[in-house]
Student: 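Below: one structure in structure tokens.
Just so you know, ligand 1 is whichever comes first in the structure, and atom 1 is the first atom listed for that ligand.
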Amino acid sequence: MTESFIPYGHQLIGEDDIQAVVEVLRSPYLTTGPKVEAFEKAVCEYVRSPYGVAVSSGTAALHAAMAAARFAPGDEILIPTMSFLATANAALYVGAKPVFVDSEKHGFNLDLTDAEKKITSRTKGIVPVHFSGQPVNIEAVQALAKRHSLTVIEDAAHALGAVSNGRPIGGLSDMTIFSFHPVKHITTGEGGMVMTSNEALAKRLRQFRHHGIDVDVIQRDTQQRWRYDMTGLGYNYRLTDIQCALGISQLRKSEEFLKRREAIAAAYDKAFTHAPFLERPPRGRTSDRHAWHLYIVRLKAETSGLSRDEAFEHLRSQGIGVHVHYRPIHLHPYYAALGWRPGDCPQAEATFSAALTLPIHPSMTDAMVQRVITAVERLPDALIVKNPVS
Ligand SMILES: *Cc1c(COP(=O)(O)O)cnc(C)c1O
């Protein structure tokens, strides 16, 4: 008998979500209708942000934010190399240059000392990523940004529901982006949103997602006018009403989802307290709330002889959908061709080579969590039998 595969992340869709989508399919608006604004309003209330602009993906949200910030060719943007590559690609979309920042010594978030060292007269922005859902010290980022006149765009694709020093992530910086991909906290299939407290930025973002067409004129259009003006270059980055209805329904369960993620993280923490061959993920400040998008352990290969790659293969063979988040962006061939080299961000490279993501998502049962724990606990026996020490 083979046990089912446990993926590292998975959506949780209920009958209520299905009903919400079906309702839109029976309504007059499949896109650019009332569900879009309703979803934006719901996310704004949840994260306490004045404006939210829904777009077709988290990547589109990053692109829109970089364009709204007016990043342009010649500008340098500080990007943690320990992120999903979309964070850096978005800077390239607007012609700016990503400058990769190393990770903190004992964690996955960006090292602000390294960020400050890499600032030049061309640096215009910084994109902190709340890696795995652990809040970045945003006050420190903002102090740095203020000293050097940088725009802050938070990549909170891992951090919907997270709290930084008592304040929800989403309303803290110039702009913050979320992703609603199925592995993230809530899903719209594909989708994203840019949050801002700046009305002018919100207007630019709305225009950018709709071909660069002046949105005020669109509003006048409802008064039966045919004319509209395109005043900038934009894209079709709209999110449909079908997706927004799913998002509204999912968001109602966000707290429940987050509590389940916290419970799973707590079970792993407890089980691995005395596992000498791994290091548990950092917890952060007590004034923070971790959103536990990912639970990443680091294998201590030097002391235990257990390598990440062997652990990965063994756990996969047991049906445990472990993963690696992520290969540092600067190590990808595309970025190597732009001049980045191994050794440019040594801490992130070391963290990457030891990192192993264990499954964590609200559709995991207690039995699934226990299966992961047992398989991880048995790693030393399983691997030492395979490679006897000579
Ligand atoms: C998922 C993710 C994105 C991109 O979001 P999509 O909705 O998949 O386009 C960007 N940054 C980070 C850190 C992510 O994890």
Student: Strictly by modelled atom types, are Ser287 and Asn165 linked by a side-chain donor-acceptor pair under 3.5 Å?
Tutor: yes
Student: Identify, by atom number and element, the atoms of ligand 1 in contact range of Thr87, meaning under 4.0 Å from any of its heavy atoms.
Tutor: 11 (N)
Student: Using atom types as modelled, flag every donor-acceptor pair under 3.5 Å from a side chain in residues 52-71 to any protein atom, sequence neighbours excluded.
Tutor:
| residue | atom | partner | partner atom | Å |
| --- | --- | --- | --- | --- |
| Ser57 | OG | Thr59 | N | 3.3 |
| Ser57 | OG | Ala60 | N | 2.9 |
| His63 | ND1 | Tyr237 | OH | 2.8 |

Student: Heavy-atom contact check, 4.0 Å cutoff: does Ala60 meet ligand 1?
Tutor: no
Student: Gly192: heavy atom below 4.0 Å from ligand 1, yes or no?
Tutor: no
Student: Can you establish whether the number of heavy atoms outside Arg316 located under 6.0 Å from its atom CZ is more than 12?
Tutor: yes
Student: Under 4.0 Å from a heavy atom of Gly191: which atoms of ligand 1 are those, numbered in the order shown and with their elements?
Tutor: 7 (O)
Student: Would you say Ile177 has any N or O atom under 3.5 Å from an N or O of ligand 1, going by distance alone?
Tutor: no
Student: Yes or no: does Tyr326 have any heavy atom under 4.0 Å from an atom of ligand 1?
Tutor: yes
Student: Got a salt bridge between Asp288 and Arg283, using NZ or NE/NH1/NH2 to carboxylate O under 4.0 Å?
Tutor: no
Student: Does ligand 1 have an atom under 4.0 Å from some heavy atom of Lys184?
Tutor: yes
Student: Using a strict threshold of under 4.0 Å (side-chain N to carboxylate O), is an ion pair present between Arg206 and Glu40?
Tutor: yes
Student: According to the salt bridge (Lys or Arg N to Asp or Glu O under 4.0 Å) rule, which pairs have a member within residues 272-282, sequence neighbours left out?
Tutor: Glu279-Arg298
Student: Relative to ligand 1, is His158 under 4.0 angstrom through side chain, backbone, both or neither, heavy atoms considered?
Tutor: side chain
